[in-house]
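Only one structure is covered here, and it is reproduced in the block below.
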Number of protein chains: 2
Amino acid sequence: MAVTIKDVARESGVNISTVSRALNHGYGVNEQTRERVVAVAARLDYRPNRVARGLVTGRTHSLALVLSDIRNPFFAELARGAEDAARAGNCDLVLCNSDLDPDKQMQYVRSLLEKRVDGILMNSVAVLSREQQARLAACGVPIVLLNRSALNRAFSTVCADNETGGALAAKYLLGLGHRKIAHLTGPREHGNLSDRTRGFISTLQSAKDPVQPIVLRGKFNFSGGCELTKQLLDEHPDVTAIFAGNDVMAFGAVRAALDRGLRIPEDLSLIGFDNIEFASVIHPPLTTIHQPMYEMGHAAIEILLRLARDKNKQVPEHRTLGVELIERQSCRQLSCINSIAVNSCNRPASC
Amino acid sequence: MAVTIKDVARESGVNISTVSRALNHGYGVNEQTRERVVAVAARLDYRPNRVARGLVTGRTHSLALVLSDIRNPFFAELARGAEDAARAGNCDLVLCNSDLDPDKQMQYVRSLLEKRVDGILMNSVAVLSREQQARLAACGVPIVLLNRSALNRAFSTVCADNETGGALAAKYLLGLGHRKIAHLTGPREHGNLSDRTRGFISTLQSAKDPVQPIVLRGKFNFSGGCELTKQLLDEHPDVTAIFAGNDVMAFGAVRAALDRGLRIPEDLSLIGFDNIEFASVIHPPLTTIHQPMYEMGHAAIEILLRLARDKNKQVPEHRTLGVELIERQSCRQLSCINSIAVNSCNRPASC
DNA sequence: AGAAGATTCGCAAACGTTTGCTATTATACA
DNA sequence: TGTATAATAGCAAACGTTTGCGAATCTTCT
């Protein structure tokens, strides 16, 4: 069927081992024969079979990206950074959507191990049992995790400074004078979100005049943000500010607020986390914590490539990337005097 | 290193061929020995090496998805559909971002062919030269294209009914009384966008009272939509409606309009294409043409799986999936009388 | 010119499977 | 009991590479 190394060897009158050497590096092969072989290979349009090569070298030049859902713009951005880095390292990237389902996740990993990928970049293993994590750590292929797992230092990790991000959000809302503050987040097992929550709450509680936020947990997607906000507005109609665990939840909160006839930021201040592209597009432009998603994906794959390179020294690497607050127009100063000063109050008559 | 079929064979006292048969299907192997082998394999935690298997079977159980940029929510949705279908077919999916660069695209294909993927799903080959397309068609692996390529019927195709979608947008804007209409789109080579443009323009031109739209071509992403709209507003300040070739461009148009102090839909009507999730989130919620992105990805991979299944009968398959107009709040009736009737005019005093 | 060393290249094993063929044993039937 | 047939399992080739080793040739130096 396809043209193999044997065809090239026969056609250029040398042994297959010479063809292999000529095409791969050229050491130990005469310059003239090398040129001849290369020419023949080009003429026959020879494509080395990387499956066969992988079998003998033990490297497949494939990396895997296991994340919850590529439709989350955060992961799309991250995936792009990862893919670019993989490509630069001459690897390709297989995509797996786990939906954070532990069974699905382990099933993916099994399949990836059978396929002998050179490394795996995972969104989260926090949902896995301790035993499953141990099995993972012992599986032989390098694994980089995207959230800091304080428990298991067997893995390399890349993460944004989520805790600091949460703290930034808290300081910002406090600075604007908010006291009745809510926080929308996901289940406790979710590492990233939990770190944000921790930073947020502890900063609020350690203020000169401590604040105890209302914390609601649920699905951390658009509909989750929407539902939690509606629930919040029912139970605590007096909240003045919401910190959403991610931008997509914040978008859900915007929708819920609109449905209830509330305006942002006039009636409700809102701050997100992630700074995905559409955060600047929605009305009003969303104030949020920026995390360098592309760079995280890129950095994670670079670690993976290094780990895959020399199988012997498998020392885990940990990288934390900085976050920053992007101030837009979804939060307002609470005190009326100040709000007139910054001209963010549309109802001066009512002040 | 890893446990191989030989280890299982030795441990259970049979030949490796028996192990292979026992684990794969069980034909021609005694029930008792089968059970014994299975037990041993489980005890040793044996994982068959799919690289080796792929070498002999000629199938890698990998499919590839070559698209312009996963960060485009359209492609993220599509990728999710594709991945789900691939997983259901026991394949995994490698992700490639081509940025629609012909060189990059061919480079990806070369690499994928070397890796012997079982099939390739491509966003677009329209940017490729006729010769490159011919090479692609002859490469031996099944290829499904995402846009209808009227030229080359060698490939299978899956597409939304883009032309009808463009026509729907045109009819809708005409129905609202618009006459000064602009259309933002990408380069002529872009199959999808061109079909939309064709349907849009021909419908406008074949109206009782024909309209000639202003067509602007540029980058078909957020910043492209933004820049084109600014250019449009500079050159044609009297336009009343814009049809953006996709939602992301529409979002760019929203941003540009806001920057120029124009309100949507009061000062400018806007209709998009795709109906990505955030179309319903932005302010105002975007009227757009829905195309079934998840289903398209799913359908394309199903075709690929079928094609990969029996290598002999390689008859291309073509599937067109329907679109529909989602009416939200980004377009207004032009005539003032009507607009009062439908209460979409916020400035009754000026009417 | 002869020896030592370098260069070039072929041979064959190895990677871990699947699978056609054959040998052996068990089963059925006359 | 003997023979035809079916069930079971082993042997070995094949898939397409890479790579260690050794043979042959060429180069260089004394």
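Sequence lines set the chain letters: A, B, ... in the order given, protein chains first and strands last, and positions in each chain run from 1.
Contact check on B:Glu77 versus B:Arg80 returns no salt bridge, with no Lys/Arg side-chain nitrogen under 4.0 Å from an Asp/Glu carboxylate oxygen. Comment: B:Glu114 does not engage A:Arg47 in a salt bridge, judged by the lack of any side-chain N to carboxylate O separation of less than 4.0 angstrom. Salt bridge annotation for A:Asp84-A:Arg87: absent, with no cationic side-chain nitrogen under 4.0 angstrom from a carboxylate oxygen.
With B:Asn30 contributing its side chain and B:Gln32 its backbone, the two residues share a donor-acceptor pair below 3.5 Å. Judged purely by atom type and a 3.5 angstrom limit, A:Asp118 has no side-chain atom pairing as donor or acceptor with the backbone of A:Leu305. Side-chain atoms of B:Glu83 come within 3.5 Å of backbone N or O of A:Asn97 as a donor-acceptor pair. In terms of modelled atom types and a separation under 3.5 Å, the side chain of A:Thr60 and the main chain of A:Arg116 share a donor-acceptor contact. Under a 3.5 Å cut-off, the side chain of B:Thr57 and the backbone N or O of B:Arg59 do form a donor-acceptor pair. A donor-acceptor distance shorter than 3.5 angstrom exists from the side chain of B:Asp7 to the backbone of B:Thr4, with no hydrogens or angles considered. The closest donor-acceptor contact from the side chain of B:Ser156 to the backbone of B:Glu317 lies under 3.5 Å. Checking side-chain atoms of A:Asn15 against main-chain N and O of A:Ser17 turns up a donor-acceptor pair under 3.5 Å.
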Take A:Asn123 and A:Leu78, measure what side chain to side chain contact (heavy atoms under 4.5 Å, CB included) needs, and give me the verdict at the end. CA-CA 10 Å; A:Asn123 171 24; A:Leu78 184 132; over 6 Å; no
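Comparing the helix axis at one end of the helix from C:dA1-D:dT30 to C:dA30-D:dT1 with that at the other, each defined from 5 consecutive pairs, gives an inter-axis angle of 40° (nearest 10°).
In the region residues 30-44 of chain B, proximity to DNA chain C at under 4.0 angstrom, judged on heavy atoms, holds for none of the residues. Shown for residues 13-22 of chain A: residues whose heavy atoms fall under 4.0 angstrom of DNA chain C, namely A:Gly13, A:Val14, A:Asn15, A:Ser17, A:Thr18, A:Arg21. Within residues 48-61 of chain B, the residues approached by DNA chain D to less than 4.0 Å at the level of any non-hydrogen atom are B:Leu55, B:Val56, in residue-number order.
Distance check: B:Arg71 CZ to B:Asn221 CG gives 9.5 Å after rounding to the nearest 0.5 Å. Note that the NE2 atom of B:His61 and the CZ atom of B:Arg50 stand 7.0 Å from one another [nearest 0.5 Å].
With sequence neighbours left out, B:Phe220 forms a ring-ring contact (aromatic ring centres under 6.0 Å, His included) with B:His190.
Using a 4.0 Å heavy-atom distance criterion, B:Tyr27 is classed as making no nucleic acid contact.
The outermost nucleotides of DNA chain D lying under 4.0 Å from heavy atoms of chain B, listed 5' to 3', are D:dT8 to D:dG16.
Toward the 5' end of DNA chain D, the nearer of the two residues B:Gly28 and A:Tyr46, judged by each one's closest nucleotide, is B:Gly28.
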